[in-house]
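Report on the following structure.
Every value quoted in this text rests on a predicted model; they were computed, and no experiment measured them. Note on naming: letters A, B, ... go to the chains in the order of the sequence lines (proteins, then strands), and numbering restarts at 1 for each one.
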Amino acid sequence: MKHEFKKIEPKWQAKWYEDKIFNAQDGSDKPKFYGLVEFPYPSGAGMHVGHIKAYSGLEVISRKRRMQGYNVLFPIGFDAYGLPTENYAIKTNTHPREITDVNIAKFSEQLKRVGFSFDWDRVVDTTEEGFYKWTQWIFLQMFEKGLVYRDRAFVNYCPSCKVVLSNEDSQGGKCDICHSDVVQKSKDVWYLRITQYADKLLKGLDTVDYPENIKQQQVNWIGKSTGAFVDFEVEGIEDKLQIYTTRPDTLFGVTFMVIAPEHPLIDKYADKIGNMDAVLAYREECNKKTEFERTQLVKDKTGVKLDGIEAINPLNGKKIPVFIADYVMMGYGTGAIMAVPAHDQRDYDFAKAFGVDIIEVIKGGDISVEAYTGDGEMVNSDFLNGFTNKKDSIVRAIEELEKLGIGKGGVQFKMKDWAFNRQRYWGEPIPIVHCEYCGDVAVPYEELPLKLPNMENFEPGQGGESPLARIDEYVNCKCPKCGKDAKRETDTMPQWAGSSWYYLRYIDPKNDKCLADMDKLNYWMPVDWYNGGMEHVTRHMIYSRFWHQFLYDLGAVNTPEPYAKRSAQGLILGPDGDKMSKSKGNVIDPLDIVDIYGADTLRTYVLFMGDYGAAAPWNDSSTKGCKRFLERVAALTDMITDEPISKDLETKLHQTIKKVTHDIEEMKFNTAIASLMGLINDIYAVGKLDKESVSIIIRLLCPFAPHICEEMWETIGGEGYASLAAWPEYDEAKTVNDTIEIGVQVNGKLRSTIVIPTGADKDTVLGIAKDDEKIKFATEGKTIVKEIYVPNKIVNLVVK
RNA sequence: GCUGGCAUGGCGGAAUAGGCAGACGCACAGGACUUAAAAUCCUGGGAUGGUGACAUCGUGAGAGUUCAAGUCUCUCUGCCAGCACCA
């Protein structure tokens, strides 16, 4: 058979999708497998080779599972809300709905041309009313449970996109979307209290099968620290100044305090502060800086001492000065710290700059040079003196603080609440009504979905106001509670909203009574295996785990965690080894590859090119190599004879079945394909094989290159679809060769190789080894002092 | 700075649980077929020396453990990813 991919690929795609052979069955008594890939954002650019690699991993696993008799759910959908579409809509004066529909159609077409075995009857689109109704529903459930709140705050604002960004979307002070500088702006912000789930998100990691690096990234992101809250009295002020510290045992080394420039106590007691103008000037200066600039100026400590105010160390009663400085952030802890310059480098730098005392409380360093942050014996610390173990001294300190009623043990998280609103058009409307009398009121559930109104012009308003604010009929409404005139919230949800729960909707995509039927959830959840990019490990994954844990507490889903297992694919780099980008002109279009080499070649190559989890550059010649391999496979149908294959070939065949079967499970697709190539090479050396062997090879290769396998299957008269044929079984006994070649070393150096019967005993093997001419030569005139034989592996003779 | 990871031929990469380093593919060289080329098939191949059998060296650098180290331990260097004035 020839590999006529242009003919066979459309042929089999049409058959598969017409017969719906990849559709998942509800109510089946087969074991289930739910494989999930990150649904794409349907951009106008169409599919990228990165998509192909990202989907091919679980594609192969899902196809193998089907052949192994599982009921497989392998769905696809579209994360279609978002800025690129909206910006394109503004530019071309087209409605985002139209653009989205065109792009989704284009993406679907492209995905089908690669032959992915998705269930096309379960496609979800986050911008569809039937979908976002439930996104809004979840939001309202959170609102009801007190997990949603509104606050006026300084936010990261992108002047170019005219949109408020979460901390996660503005890392490094750059907008995640357009990469321009982010500025600080005071805005009304809707927050989701994700911090309330911080501990659950942390603990849940113990129950899931994620790679260690992914778990670690999530742990770092959540950023739990344990320590203590301590109240400092401030002279002339009724309020206590509360700080958070991880080292309450260093309290005797505190020589000053620092509070964030935005700290509310400053305004409250403005009249007590002697140099309020200097304070305000400093604060003004800080506000001008972006978060990024603030964190860049690590070396130079700046700040202003608050005149007329002195705090009192609660343990020794010493009076200490209070400063404001921008190295203390309002967003972490209490926005105030006790400074221990002897044992914290930042406090040390500040103390040196401002001439404050430095008192050593932990022995071991030289505090005249730098802060000592290591362990050591506690000194100058009253009841803590003599402690040498950090843990013990901290426990003792907290015990004392609690006894005296001046502090208590506590924890802090780096993770902040999730800023959840955007002033843009193309997103889920936030279903809240602002009533003068009742406050923020939820839109009643029966009115969901709160539809995104139609508009002509989607340009954001002045000062970053949502375009929806310009539609009077939308804004003006009645309060659902009291019936009086009220105003509707005009902000929309961020792009992360829909993707936080989309995997649940695949299970029951058309349900209009609930987000998914509980019986179906019971059968399908959790997601057995979720593959995606490393870039989504901290944001998308944490957000969706948070939503899922909330839904679990609500009783709307049946598992505490959404994803049982997670893996990540590596990037495909351009042929030049750089990241693919339009500006570098090194982008490979997957559809070009399908046209030139065929979908089977593309699929095989992206998995063969290297370790699935690692980045690897595209190589067009290697792509050809994969095509050559598939052509050699296709020609096997012309090599069939009635004779049985040789013993050696049979052994190789069973070894290959074993290797492919196991390698796929570990996502070692490259070695699985390599072993198939090796088998084909051996068959070519003989030039013939029997029909059963061809049948086995077709089924082993089918998950990787399904079109060619279907065609071969048909050619050899196989029943039904190769894609649904039984996965080949191997016979362990037949994977063992009768004889094997092992190395013989003398003093650890390879001197010869010998052929031994598999499993031969030590004496036999040593006999063969010592009989070998080369070994005789190498050991001549020497005494053998030690003989080592590792069964079926190696012989080592130690001689003197 | 902290956390996690990586380093193997000309290139992408293999190497259960310490046991023949370089599987498989690419590129390259030689041969067959062809008027010729492409395609295809066959053969070769880490480096150095030697006509050769063979010898020596060889998995980022340096030490160590071991009969035996790409693999384990320590030190160092370089890259990738994430976090970062987190108190």
Side-chain angles (χ1 to χ4, degrees), chain A residues 171-172 211-221 223-225 227 243-247 250 258 294-301 325-329 331-340 344-347 349-350 412-416 534-535 537-538 568 570-571 573 577 604-605 608-611 613-626 628-629 631-632 635 662 668 670-681 684-685 687 741-754 774 777 785-799:
Chain A
Q171 287 171 32
E212 204 43 53
N213 60 333
I214 290 181
K215 281 193 186 182
Q216 200 55 50
Q217 254 188 58
Q218 295 202 2
V219 168
N220 286 348
W221 189 262
K224 182 176 181 170
S225 81
I243 60 94
Y244 174 73
T245 177
T246 54
R247 292 302 301 267
T250 60
V258 185
R294 238 172 114 161
T295 55
Q296 279 311 290
L297 303 166
V298 176
K299 298 133 236 147
D300 310 323
K301 291 282 179 288
D326 63 357
Y327 83 92
V328 172
M329 309 287 157
Y332 184 78
T334 61
I337 62 159
M338 60 177 219
V340 186
D344 181 293
Q345 194 57 44
R346 292 155 299 169
D347 297 345
D349 294 342
F350 191 89
Q412 270 299 303
F413 296 95
K414 283 189 206 173
M415 191 169 66
K416 292 172 190 161
M534 283 308 288
E535 70 275 19
V537 164
T538 44
L571 285 180
L573 306 172
T604 306
Y605 176 60
F608 179 65
M609 63 197 300
D611 180 346
W618 183 270
N619 182 318
D620 207 55
S621 299
S622 291
T623 316
K624 280 182 204 151
C626 287
R628 202 171 295 155
F629 162 65
E631 282 164 355
R632 280 159 73 84
H662 290 111
K668 291 165 88 173
N670 53 339
T671 51
I673 295 167
S675 72
L676 280 163
M677 286 172 169
L679 174 66
I680 301 303
N681 289 346
Y684 266 67
E741 201 187 50
I742 64 166
V744 181
Q745 300 178 332
V746 175
N747 285 347
K749 286 198 173 165
L750 186 72
R751 287 294 176 239
S752 185
T753 56
I754 56 172
K774 290 177 194 168
F777 178 76
V785 295
K786 199 170 181 185
E787 297 168 336
I788 292 149
Y789 172 53
V790 181
N792 301 331
K793 289 269 165 71
I794 204 153
V795 172
N796 190 11
L797 304 174
V798 185
V799 300

- prompt: With a non-hydrogen cut-off below 4.0 angstrom, is A:K414 in contact with a base, only sugar-phosphate, or nothing?
  reply: base
- prompt: How close or far is atom P of B:A39 from atom NZ of A:K624, stated in whole angstroms?
  reply: 8 Å
query: Just checking A:N796: base, sugar-phosphate only, or nothing, at a heavy-atom cut-off of under 4.0 Å?
result: base
task: Pull up the glycosidic torsion of B:G50 and say syn or anti, syn being anything within 90° of 0.
output: anti
Distance in angstrom units between A:Q218 CD and B:U3 C1', rounded: 14 Å
message: Rounded to whole Å, please give me the gap between CZ in A:F608 and C1' in B:G25.
response: 4 Å
message: B:A87, OP1 or OP2 - any side-chain N/O from A:Y244 closer than 4.0 Å?
response: no
query: Could you state the CE-C1' distance from A:M609 to B:C24, rounded to the nearest angstrom?
result: 15 Å
message: Within the 4.0 Å heavy-atom criterion, would you say A:K668 contacts the bases, only the backbone, or no part of the nucleic acid?
response: sugar-phosphate
- prompt: With a 4.0 Å cut-off on heavy atoms, is A:E741 in touch with a base, just the backbone sugar-phosphate, or nothing at all?
  reply: base
- request: Tell me what A:G223 touches on the nucleic acid: a base, only sugar-phosphate, or nothing, going by heavy atoms under 4.0 Å.
  value: nothing
message: Mind checking if A:N681 touches a base, just sugar-phosphate, or nothing, with heavy atoms under 4.0 Å?
response: sugar-phosphate
